[in-house]
Structure formats: C-alpha cells, structure tokens
There are 2 protein chains.
Amino acid sequence: MKQLHWIINVFKKIQLRRKITLKDIARELEVSISTVSKALKNSEEIGRDTKEKVQAFAKLYNYKPNNIAVSLKNKHTKNIGVVVPDIVHYFFTTVFRGIEKYANSKGYNVIACISDGSFHKEVISMEMLANGSIDGFIMALSSETQLKGDYNHLKEVTNQGIPLVLFDSITEEVQCDKVVINDEQVAFQAVEKMIKSGKKRIALFSSGSFYTVNKNRENGYRKALINNGLGVDENLILELPHDENMDSIDSFLEANKIDAILAVNEIMAIHAMSIVRKMGLRIPEDISFIGFTNGLLSQYAVPRLTSIAQHGDRMGEVAAEMLIDRVETEYDEEQVEVFRTEVIDAAIIERESTIN
Amino acid sequence: MKQLHWIINVFKKIQLRRKITLKDIARELEVSISTVSKALKNSEEIGRDTKEKVQAFAKLYNYKPNNIAVSLKNKHTKNIGVVVPDIVHYFFTTVFRGIEKYANSKGYNVIACISDGSFHKEVISMEMLANGSIDGFIMALSSETQLKGDYNHLKEVTNQGIPLVLFDSITEEVQCDKVVINDEQVAFQAVEKMIKSGKKRIALFSSGSFYTVNKNRENGYRKALINNGLGVDENLILELPHDENMDSIDSFLEANKIDAILAVNEIMAIHAMSIVRKMGLRIPEDISFIGFTNGLLSQYAVPRLTSIAQHGDRMGEVAAEMLIDRVETEYDEEQVEVFRTEVIDAAIIERESTIN
DNA sequence: TATCAACACGAAACCGTTTTCGTAGTTTTT
DNA sequence: AAAAACTACGAAAACGGTTTCGTGTTGATA
C-alpha cells in the first residue's frame with residue numbers, strides 16, 4: 001500500500017508538469033530574466049547566440065507567456081465582454097458568432113454574459129467585467145433596461161474610459177459607437193411590398209415599442225401605410241412582450257379581419273402562421289407574412305417564411321471591429337472623441353409566405 | 001481655440017476618472033497598502049476605526065479590486081473556457097446557457113470559443129486560454145477532432161493540471177469528468193415506440209458515426225430493431241455529415257421504401273419531413289418521425305415533431321458544477337483522482353409526427 | 001594609448017493585489 | 001518592575017511578466 005502510493009506519486013510528478021516561466025528559463029540558462037524576455041521578443045539588444053539558446057530552450061519546454069501577467073503589466077487583457085439579453089434567439093447567436101470570429105482573428109477572446117432580459121443581471125455582469133477583466137464591451141440592451149431607461153451602468157463604464165459598442169437595441173442617451181440595421185427603411189419596404197401585392201389591412205406584431213428596434217420598425221410600418229394612402233388602424237398593432245404567452249394572438253386574429261402581418265421576430269410570425277393555418281386560411285393568398293430574423297425557423301416553416309435578414313454575423317463583425325479599433329488606438333486627451341453609428345442594410349428574403 | 005482645448009481638457013479630467021487602487025487609498029489615508037487591503041477584508045488585525053475609515057473611503061470612491069491583479073496573485077481567474085463546435089444549434093445554445101447561468105451564480109465568467117468544427121481552431125483556442133486565462137475547460141469535441149482521433153491538446157491541458165469537463169461529444173481516450181445523455185437507451189426507446197405503432201422499415205439519419213453520440217444512438221437503434229425481431233437493413237442507415245448538403249436525402253427517400261425515420265438532429269428531421277410532404281406522403285400515417293434535439297424547429301414544425309429532449313440547460317449546469325467543484329477543491333498529490341461521468345436522462349416529447 | 005561608441009546584458013521598478021513576518025507600543029501577568 | 005502577551009500596523013516578498021536605465025566589455029578612432 002505504501003509502495004503503491006509511492007508509485008502513484010512518481011507517476012504524477014512526471015505527468016503533471018507545471019507551466020514554465022521566464023524565471024525558470026533564466027535560472028536554467030544562467031542569464032537574467034530580462035535577457036530571457038528580450039531574447040524571446042527577438043530584441044536587437046541581445047546577442048545572436050544567446051537569443052538562439054533561449055529560443056531553443058523555450059521551444060523545447062513549450063514556454064508560453066502567462067496571459068494574466070502580461071495583462072497586468074500592459075493594462076489590456078485581449079478580452080472583450082459581450083452582454084446580450086439572450087443567446088437562444090437566432091439573431092443574437094449569429095451576432096455572437098460574428099463577434100467571436102472577428103475577435104479571434106485579432107487575438108481577442110470573448111466573455112459572454114447573458115442578461116436574460118434582466119436589468120439587474122446586466123448591471124452585475126458589467127460590474128464584474130469592468131474591473132479589469134475586459135478591454136471593452138459589446139452589448140445589446142435588455143428589455144428591462146430599455147423600459148427603465150436607466151443607463152447609468154453604461155455611462156459608468158464609458159466614464160472609466162472603457163470602450164463600448166451598442167448594437168441592435170441601443171439608446172441615444174449614451175455616447176458610444178453603435179451598429180444597427182436600417183429597421184425603419186426595411187420595415188417600410190416590407191409593408192410596401194405587401195401593399196403592392198394587393199394587401200390592405202396589414203397588422204404589425206411587435207414585442208414592445210420600448211425597444212428602439214421595434215419603435216423604428218413601427219415607424220417604417222406607419223410611413224408605408226400612410227405613404228400609400230392607407231390609414232393606420234391602431235387596432236392592427238399588437239404588442240406582445242417576450243415573456244407573455246402568445247394566446248392573445250388567437251383573439252387578435254379572431255377579432256380583426258386582416259390580410260397581412262409584419263412581425264418583428266420570426267417566432268411571432270411562425271406562431272401566428274400556425275394559428276392562421278388552423279383557422280383554415282391560406283398563406284399567402286388570404287394572409288401574407290413577413291417576419292424579421294431570417295433564421296432556421298423561417299427557412300423551414302411551412303410555407304417557408306418571407307423574412308428580413310438582419311445579417312447578424314456581419315453586425316457582429318462590424319461591432320467587434322469598431323470596438324477593437326477603439327481599444328487599440330490609444331486615447332488622446334487632446335482630441336475630442338467622435339462616435340460612429342454604423343448601419344447595416346437588411347435584406348428581404350422572399351419566400352412562400354408572400355405573393356410575388 | 002487654445003481656450004476651447006483647455007475647457008475640453010478640464011471637462012475630460014472631471015469626467016474620466018481612473019479606477020482607484022489600494023495604493024491610492026493608502027496614500028490618501030496615510031496608511032500602508034497592506035493595512036488597506038486587510039481593512040477591506042475586515043481582517044481582525046486592523047483596528048476598529050482604521051477599518052471604518054478605510055471602508056468608508058473605499059465605498060465613497062467606489063473601489064473595486066482589480067481582477068487581473070487578484071488573478072495573478074491567487075492563481076485563479078474565475079473564468080472558465082467553453083469550447084463548442086457551434087453556437088447556432090439549439091442544443092449547444094442551451095448547454096451554453098446552462099453553463100453561463102451556473103457559472104455566474106458562482107461568480108465565474110465564461111469565455112466562449114467556437115471551434116466551428118475545425119480541429120485547428122479547437123487547438124488554437126485551447127492554447128490561447130490555457131496560458132492562465134481560465135481555471136478550467138468545458139468542451140464538446142469538434143467533428144474533425146473525432147475524425148482524426150487526435151486528443152493531444154486535451155491531454156496537454158489535463159497534464160498541466162487544468163480541469164476539463166467533456167460533454168455530448170466525448171472520448172474515452174482522455175481521463176476527465178464527462179456529462180452525456182443516455183443516447184443509446186433513448187434511441188432504443190424511440191425506435192421501439194415506432195415499432196409498437198406498427199412501423200417496420202425504420203431508417204436512421206445520422207450525421208456521422210465518428211461522433212460518439214451518433215454511434216451510441218445507432219447502437220440503440222440497432223438493438224431496438226433486433227430486439228423486436230426486425231433485422232437491421234444497412235441500407236436504411238443514412239450518414240450525412242454536417243457540412244454536406246442534404247440533397248442525398250431526396251434520393252434516399254426515393255430509393256428506399258420506409259415508414260419511419262429517427263434523425264440524430266432536428267434539422268435532418270425537418271428537412272426530411274419537408275421532402276416527404278412534397279412527395280405527397282402523410283405524416284405520421286405513412287412515415288413517422290422522431291428527431292433528437294427538442295428545439296424551436298421541432299416545436300413549430302408542421303406537423304409538430306416528436307423529439308428527444310436532451311436537456312441542454314441541465315447538461316450545462318451539471319458540467320459547470322463538476323468543473324467548478326474540481327477547480328475549487330485543490331488538487332491533492334496524495335490522492336488518486338477519480339473522474340465521474342454523469343448521465344442525464346433524455347426524454348421523448350411526443351407530438352404529431354408519431355402515432356401514439 | 002586614451003577616448004568613445006557599440007554591444008550585450010543585468011538590476012530594478014512597475015502593474016495591483018495578497019500574505020507572511022517583524023515590530024513598536026500598550027496592556028496584562030507574575 | 002520586569003517579562004510576557006496582545007494590538008495594530010508596516011515592510012517586503014511574491015505572482016509573471018515588460019521595460020527603462022545603467023554598466024562592464026569590446027573594438028574602433030584619434
């Protein structure tokens with residue numbers, strides 16, 4: 001038994017090799033830590049043979065600098081924080097993927113926080129990360145935050161000089177870079193498309209106009225109706241927050257005679273479609289559908305849903321690019337910062353739920 | 001102009017307040033850094049009034065310790081790395097959400113890396129994070145890694161003493177904690193269910209048997225057929241890797257007369273369902289469907305897809321719990337590590353694509 | 001031969017914490 | 001009154017790097 005322990009320990013000692021540090025290399029090669037550091041950076045200061053010796057040794061023992069130590073010294077972490085309300089929704093997933101892809105290509109890692117629609121968790125997450133863990137934030141505001149209109153946690157962060165990029169669900173109240181899609185314009189186009197195909201009583205299914213995106217989409221919807229000589233019937237605008245159940249869609253459809261629906265997300269569209277089908281109406285002849293978010297749901301719906309591609313991947317890439325630019329160009333006290341808001345063009349993907 | 005610059009600078013100086021450090025507090029209060037540090041931790045060593053003074057000052061100036069410095073000192077980062085092949089798929093998304101939720105409740109942040117099915121990116125990601133950025137890994141193997149059978153990057157990491165939890169797509173070759181579902185058993189049940197409803201020619205749609213999960217599901221499928229006196233017709237097993245297009249499903253369905261399909265993911269199931277519908281066959285009367293992954297696609301399909309809930313959230317939570325346990329109970333040289341593999345029970349959610 | 005660069009390297013400060021240990025000053029014990 | 005024991009705090013090392021600056025050694029120049 002004693003014997004066995006001994007064997008196991010030796011085994012572990014062999015297996016479990018600690019990460020090697022500059023100090024280890026310095027000791028082993030009988031040079032100073034600074035020499036090792038410089039040699040590994042191929043500094044001109046260090047002689048040829050010393051460099052070769054150090055580099056060979058480092059390679060042999062698979063030396064990699066400790067990220068934390070480098071971060072502490074250099075005051076940047078090569079991490080970016082992403083705070084989103086949700087991750088299961090196709091749109092956010094694709095944005096996240098876009099961010100991760102670009103960030104990774106620039107040597108950054110992505111820390112993901114899901115606010116789950118909660119103001120409090122949004123605040124907590126940002127506070128956790130703002131204490132040195134990240135170089136900047138990319139975020140989409142949660143619904144609760146938009147409702148409260150309390151953006152102090154964002155201002156806090158920007159005041160500390162931490163770059164912030166807002167996307168999708170944004171606010172004018174905090175000055176930072178932003179990336180959005182042309183919601184109003186594309187909603188306008190979508191509604192106009194349905195009008196052109198002969199639709200007259202067009203409903204809007206929204207998840208709440210406190211979201212800037214929804215507000216913009218609603219504006220586009222209204223303008224399209226008015227521009228085409230159709231008045232806006234306020235009864236045809238259904239607001240249904242995310243967390244509420246969708247039963248009111250039933251009653252809405254029964255109460256209102258409509259011939260087209262624009263939905264701000266694919267879930268509402270798909271849900272409404274299934275009810276409409278059960279009511280025995282034909283899609284798109286009796287009712288046309290267009291939904292925001294060109295996700296799997298839209299692609300595989302029956303009939304396939306005409307939808308508005310938000311180009312989440314692209315948004316993510318752009319957001320990450322803006323953020324990393326901001327992070328890497330050091331802040332100049334002399335110069336007034338000017339923030340950009342990038343707008344990505346959404347595209348209407350025509351499928352079977354609308355008449356061409 | 002000079003005047004303007006001056007105004008702007010003053011404005012910025014006021015706005016942009018640097019994060020306060022222990023040193024700042026110490027200087028201001030004319031005590032030592034160590035005293036401040038201890039006072040903030042409510043150490044018994046420090047006198048009542050000094051503690052109060054320091055704590056009040058810290059609160060006033062909103063002092064928060066620098067995470068990076070703490071990490072460097074304490075040798076743990078409170079970050080965990082999650083490496084998954086994909087993030088748009090419902091299953092991975094829910095697992096991720098589960099991980100994030102549990103991790104956050106324990107004060108950990110989650111760094112997400114998407115390997116995108118690539119062995120190389122998996123390796124790169126792990127190397128980036130293994131240099132001190134994280135305390136442990138949770139990961140699902142990419143398809144390429146499973147294909148190559150090269151797990152050196154995982155062994156590398158565990159050899160360095162970094163805890164690792166594998167989920168979903170795992171391997172026996174590396175010793176670590178694991179969490180999976182009872183794939184074989186639930187596949188068995190699913191197939192048997194279809195047999196009981198009178199189905200005889202049951203196909204399996206798989207995305208490649210190099211995935212351990214798919215292999216297990218296939219085993220369950222085979223056993224169910226054999227157990228019920230139906231032989232296994234190898235022609236009825238269709239293997240279609242993720243990245244290939246799904247056209248071969250068409251030809252498969254034309255070539256083989258079948259009356260039920262078990263698909264290892266919902267996409268294949270939904271895709272097959274749409275083809276079957278176009279062929280004019282009835283679901284579930286002519287062909288029944290069961291798909292793994294109880295995602296939105298399954299819920300909103302027409303007809304709604306009977307599916308196998310993998311309980312991604314739960315898997316994520318369990319994985320995170322196992323990892324954090326491992327991280328926080330310090331490693332004991334004397335004691336042999338014993339790894340657990342937790343198995344979560346999957347559930348068959350009956351809907352309209354099968355006969356009850 | 002004295003002077004001066006250039007070269008090659010090391011000492012030390014620093015990033016912001018934590019933690020051990022030492023020590024004045026005060027109180028208690030004998 | 002001397003010894004012992006607290007009390008309350010500070011100095012300093014440590015975590016693992018980066019970087020500035022100083023310096024001993026060389027070879028070239030005057």
Side-chain angles (χ1 to χ4, degrees), chain A residues 18-55 57-58 61-79 128-135 160-161 330, chain B residues 18-55 57-58 61-79 128-135 160-161 330:
Chain A
R18 219 178 82 265
K19 287 235 101 176
I20 195 177
T21 69
L22 286 188
K23 195 194 284 190
D24 298 326
I25 302 182
R27 185 177 3 85
E28 222 61 30
L29 261 38
E30 298 182 303
V31 291
S32 75
I33 294 183
S34 21
T35 302
V36 177
S37 178
K38 290 169 191 163
L40 291 175
K41 294 194 135 45
N42 238 317
S43 162
E44 293 303 324
E45 265 186 280
I46 306 299
R48 213 171 212 314
D49 29 1
T50 309
K51 278 203 281 198
E52 277 171 4
K53 191 175 58 176
V54 171
Q55 287 171 3
F57 190 92
Y61 284 93
N62 193 31
Y63 169 80
K64 296 276 166 52
N66 179 311
N67 291 156
I68 299 294
V70 173
S71 292
L72 180 59
K73 180 67 198 175
N74 292 351
K75 310 271 227 162
H76 60 244
T77 61
K78 289 268 184 177
N79 284 154
M128 275 193 69
L129 296 181
N131 298 118
S133 297
I134 48 92
D135 294 340
Q160 282 171 30
E330 87 284 28
Chain B
R18 222 179 79 264
K19 286 237 103 177
I20 195 176
T21 70
L22 286 188
K23 195 193 285 189
D24 297 326
I25 302 183
R27 187 181 356 89
E28 222 63 30
L29 262 37
E30 299 183 302
V31 291
S32 77
I33 294 182
S34 19
T35 302
V36 177
S37 177
K38 290 168 190 163
L40 290 175
K41 294 194 135 46
N42 238 319
S43 163
E44 294 304 324
E45 265 186 277
I46 305 299
R48 210 168 216 313
D49 29 2
T50 310
K51 277 204 281 199
E52 279 171 4
K53 193 175 57 174
V54 171
Q55 287 171 2
F57 191 92
Y61 285 93
N62 192 32
Y63 169 79
K64 296 277 165 51
N66 180 312
N67 291 156
I68 298 294
V70 174
S71 291
L72 180 59
K73 182 65 199 171
N74 293 351
K75 308 274 227 162
H76 60 244
T77 61
K78 289 268 184 177
N79 285 154
M128 275 194 70
L129 296 180
N131 298 117
S133 297
I134 49 94
D135 295 339
Q160 283 171 28
E330 86 285 28

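Proteins come first, then strands; the chains are lettered A, B, ... in the order of their sequence lines, and each starts at number 1.
Each of B/Leu40, B/Val36, B/Ile20 was checked for a side-chain contact (heavy atoms from CB on, under 4.5 Å) with B/Phe57, and the lone residue meeting it is B/Ile20. Screening A/Val54, A/Thr50, A/Thr35 for a side-chain contact (heavy atoms from CB on, under 4.5 Å) involving A/Leu29 leaves a single residue, A/Val54.
Side-chain atoms of A/Asn66 come within 3.5 Å of backbone N or O of A/Ile68 as a donor-acceptor pair. For the pair B/Lys51 (side chain) and B/Ser43 (backbone), a donor-acceptor distance under 3.5 Å is present.
Taking CG from B/Asp135 and OG from B/Ser71, the interatomic distance works out to 7.5 Å, rounded to the nearest 0.5 Å. A distance of 8.5 Å separates CG of B/Asn79 from CG of B/Asn67, quoted to the nearest 0.5 Å. The structure places OG1 of A/Thr77 at 12.5 Å from NZ of A/Lys75, a figure rounded to the nearest 0.5 Å.
For the pair A/His76 NE2 and D/dG17 C1', the interatomic distance rounds to 12 Å; values are reported in whole Å. Between the CG atom of A/Asn66 and the C1' atom of D/dC15 there is a distance of 8 Å, given to the nearest Å. In this structure, the NZ atom of B/Lys51 is 9 Å from the P atom of D/dA8, given to the nearest Å. One atom, CG of B/Leu29, and another, P of D/dC9, lie 11 Å apart when rounded to the nearest Å.
Within residues 39-49 of chain B, the residues that have a heavy atom under 4.0 Å from DNA chain C are, in order of number, B/Lys41, B/Glu45.
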Distances under 3.5 Å between nitrogen or oxygen atoms of protein and nucleotides 11-14 of chain D:
residue: D/dA11; atom: N7; partner: B/Ser34; partner atom: OG; Å: 3.3
residue: D/dA11; atom: N6; partner: B/Ser34; partner atom: OG; Å: 3.1
residue: D/dA14; atom: N3; partner: B/Lys73; partner atom: NZ; Å: 2.9

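Summarising the geometry of A/Asn131 relative to B/Lys19, their closest heavy-atom pair is ND2-NZ, 2.6 Å, with the distance given to 0.1 Å. In this structure, B/Ala39 and B/Ile46 approach most closely via the heavy-atom pair N-CG1, 4.0 Å. When all heavy atoms of B/Lys53 and B/Val31 are compared, the pair lying nearest together is NZ-CG1, 4.5 Å.
A 4.0 Å heavy-atom criterion places the boundary nucleotides of DNA chain C facing chain B at C/dC15 to C/dC21, written 5' to 3'.
For D/dG17, the OP1/OP2 oxygens have a side-chain nitrogen or oxygen of A/Tyr63 closer than 4.0 Å.
Among the atoms of the strands shown, base atoms are found under 4.0 Å from some heavy atom of B/Ser37. Among the heavy atoms of the strands lying under 4.0 Å from A/Thr50 are primed sugar atoms or P, OP1, OP2 only; no base atom is included.
Using a 4.5 Å heavy-atom threshold, the side chains of A/Arg18 and A/Asp24 count as touching.
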